[in-house]
There are 2 protein chains.
Amino acid sequence: MATTDPSRPRTVVGEVSLAGCSSTAERVADVLRRRITEGDLVPGARLSEERLVCELHVSRNTLREAFRLLAHEGLLVHRLHRGVFVPELDEDDLVDLYRLRRTLECDVVRSLEDVGAVRLGPLADDVADGETSAARGDWIAVGTANMRFHQHLVGLLGSRRVDEVTGRLLAELRLAFHYAASPQRLHEPYLARNRALLELLTAGETERAAKELAEYLDDSQAELLAAYRLRRA
Amino acid sequence: MATTDPSRPRTVVGEVSLAGCSSTAERVADVLRRRITEGDLVPGARLSEERLVCELHVSRNTLREAFRLLAHEGLLVHRLHRGVFVPELDEDDLVDLYRLRRTLECDVVRSLEDVGAVRLGPLADDVADGETSAARGDWIAVGTANMRFHQHLVGLLGSRRVDEVTGRLLAELRLAFHYAASPQRLHEPYLARNRALLELLTAGETERAAKELAEYLDDSQAELLAAYRLRRA
DNA sequence: CTTGCGGGATTGTTGAACGAATCTCTACGG
DNA sequence: CCGTAGAGATTCGTTCAACAATCCCGCAAG
């Protein structure tokens with residue numbers, strides 16, 4: 001950089017410097033990830049390099065590296081010579097995502113055996129978080145808790161790769177939530193169902209849990225599809 | 001670039017410029033991908049930025065972009081301030097990969113219905129390719145044909161995301177093949193089993209095909225694990 | 001043998017520059 | 001009036017050179 005530059009571009013990405021040893025690109029990606037999942041950047045929006053360089057005080061190269069990171073997660077798409085965009089999911093994408101999700105989650109639940117209460121701890125926390133957030137009326141937080149519930153559910157399997165795929169899948173799915181007019185209508189029904197699922201798991205009834213989960217996901221998919229169709233009219 | 005530079009760094013990445021409109025980074029990634037899957041770069045090897053910049057005649061930034069691409073595919077791992085490496089898979093990774101693979105592939109097969117003969121065309125081609133390669137004694141090509149067979153098998157579902165995950169999974173799995181002492185011993189048994197699988201699918205016997213596939217993958221996993229243990233002694 | 005401390009090597013990040021592709025807006029012709 | 005071709009502006013793709021931050025290796029001291 002020019003020796004006369006008085007600013008310190010290094011440590012001012014958004015807010016705090018997150019957990020210890022992350023690169024600048026990762027921190028930039030964190031900022032953008034939040035903006036996307038929280039709806040600040042809506043599907044279809046283009047992310048201008050120039051503008052974000054100014055805004056986040058990082059170099060173009062670093063920003064582009066962050067773009068790659070997020071593209072990898074499915075939260076951005078890269079179009080050659082055109083820039084990066086927040087992806088727009090159509091109904092086929094939704095069906096595709098839910099199909100993979102059903103396969104993975106149900107398989108995880110089915111192959112679970114004697115899950116100790118300890119390992120279900122995080123799940124119980126997520127359920128509780130969802131309920132308190134709902135009481136506060138913070139439906140975005142309810143959505144977050146729900147995502148975490150499912151991530152932890154899959155995590156019970158202890159497979160790094162399944163966790164990764166699920167993470168990406170849920171992040172992408174979250175984009176679709178922005179098409180729903182009412183977050184409450186979208187998330188509320190699943191508070192009780194998550195709790196029910198948790199109880200089935202606690203009781204060790206994996207087969208029933210898997211079936212319940214399959215129906216759960218079918219309903220969720222139908223709900224979202226309905227929201228899509230409503231929006232198009 | 002400096003205006004006095006007489007070389008044309010743009011079009012000399014390895015060999016030909018591949019399919020029409022790919023970025024330089026993608027072409028670099030193609031070159032490196034081949035080197036990795038063909039065993040030119042063995043697991044554990046570090047890829048020096050400086051050396052590859054000289055070798056491939058691209059800038060560091062572009063090379064780093066290629067690294068990200070391959071890291072995304074699981075063919076490279078990035079360690080902060082340490083560089084990128086060809087990942088070393090241990091036995092747990094193998095089990096993990098096969099677990100996901102079994103889940104996905106079996107689920108695909110099970111949910112297949114009235115697969116037209118047309119759609120099985122690519123699969124038949126892959127089986128034939130494998131057999132002719134085997135006759136030639138080219139066991140690396142047999143491995144490639146086998147990977148393609150499974151990729152095409154999964155492709156029957158028509159799910160973009162399942163295809164993607166499978167692609168990454170198979171690429172990573174291929175790294176493990178380098179641990180096997182004899183490629184022939186590794187791949188030969190599956191020539192016949194692929195053909196058998198294809199016939200079951202042609203006959204529409206999806207349930208039997210799924211069961212056969214599950215056993216198939218179990219055997220394959222056991223074989224690879226045995227090779228691993230052998231190597232450690 | 002372990003611990004602590006350089007010094008060298010490599011990665012991380014920056015800023016500026018230029019070629020190439022896309023987009024936009026105007027002007028022209030049907 | 002509409003559609004299209006072209007020029008200009010915008011933005012991306014890639015390169016380069018420099019500096020900062022971090023890691024690795026060898027060596028000395030305890």
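These numbers were taken from a predicted model, which means no experiment stands behind them. Just so we're on the same page: letters track the sequence lines, and every chain starts at 1. Basis for what follows: all heavy atoms, side chains included, without hydrogens, waters or symmetry-related copies.
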Original post:
Does A/N61 get its side chain close enough to the base of C/dG15, under 3.5 Å, for a donor-acceptor pair?
Top reply: yes
**OP:** Identify the heavy atoms of B/M147 and B/L170 that sit nearest to each other, and give their distance.
**Re:** O-CD1, 3.6 Å
Original post:
Would B/F177 and B/H187 count as a close aromatic pair, with their ring centres under 6.0 Å?
Top reply: yes
Taking atom [atom2] of [N] as reference, at what distance in whole Å does atom [atom1] of [X] sit?
{"X": "A/R64", "N": "C/dG15", "atom1": "CZ", "atom2": "P", "value": "16 Å"}
{"X": "A/R51", "N": "D/dC12", "atom1": "CZ", "atom2": "C1'", "value": "16 Å"}
{"X": "B/L80", "N": "D/dA20", "atom1": "CG", "atom2": "P", "value": "19 Å"}
{"X": "A/E65", "N": "D/dG13", "atom1": "CD", "atom2": "P", "value": "14 Å"}
{"X": "B/R60", "N": "C/dG12", "atom1": "CZ", "atom2": "P", "value": "8 Å"}
{"X": "B/E26", "N": "D/dC12", "atom1": "CD", "atom2": "P", "value": "17 Å"}
{"X": "A/H78", "N": "D/dG13", "atom1": "NE2", "atom2": "P", "value": "4 Å"}

Subject >> Pairs flagged by salt bridge (Lys or Arg N to Asp or Glu O under 4.0 Å) wherever residues 139-149 of chain A is involved - sequence neighbours left out >> reply: A/D126-A/R148, A/D129-A/R148
Lys/Arg N to Asp/Glu carboxylate O, [X] vs [Y], below 4.0 Å:
{"X": "A/R185", "Y": "A/E223", "value": "yes"}
{"X": "B/R168", "Y": "B/E73", "value": "no"}
{"X": "B/D93", "Y": "A/R161", "value": "yes"}

Original post:
Can you tell me if the side-chain N/O atoms of B/T24 get under 4.0 Å from OP1 or OP2 in D/dG13?
Top reply: no
Original post:
Is there a side-chain contact between B/L224 and B/L186 (heavy atoms, below 4.5 Å)?
Top reply: yes
Original post:
Of all the choices, C/dT11, D/dG13, D/dC16, which nucleotide is nearest to the side chain of B/S59 once you look at every atom?
Top reply: D/dC16
Original post:
Between C/dT14, C/dT13, D/dG13, which nucleotide has the shortest distance from any of its atoms to the side chain of A/S23?
Top reply: C/dT13
Enumerate the protein-to-nucleotides 5-10 of chain C contacts in which both atoms are nitrogen or oxygen and the separation is below 3.5 Å.
{"unit_1": "C/dT10", "atom_1": "O3'", "unit_2": "B/R46", "atom_2": "NH1", "d": "3.2"}

Original post:
A/L63 or B/V84: which one's nearest nucleotide on DNA chain C is closer to the 5' end?
Top reply: B/V84
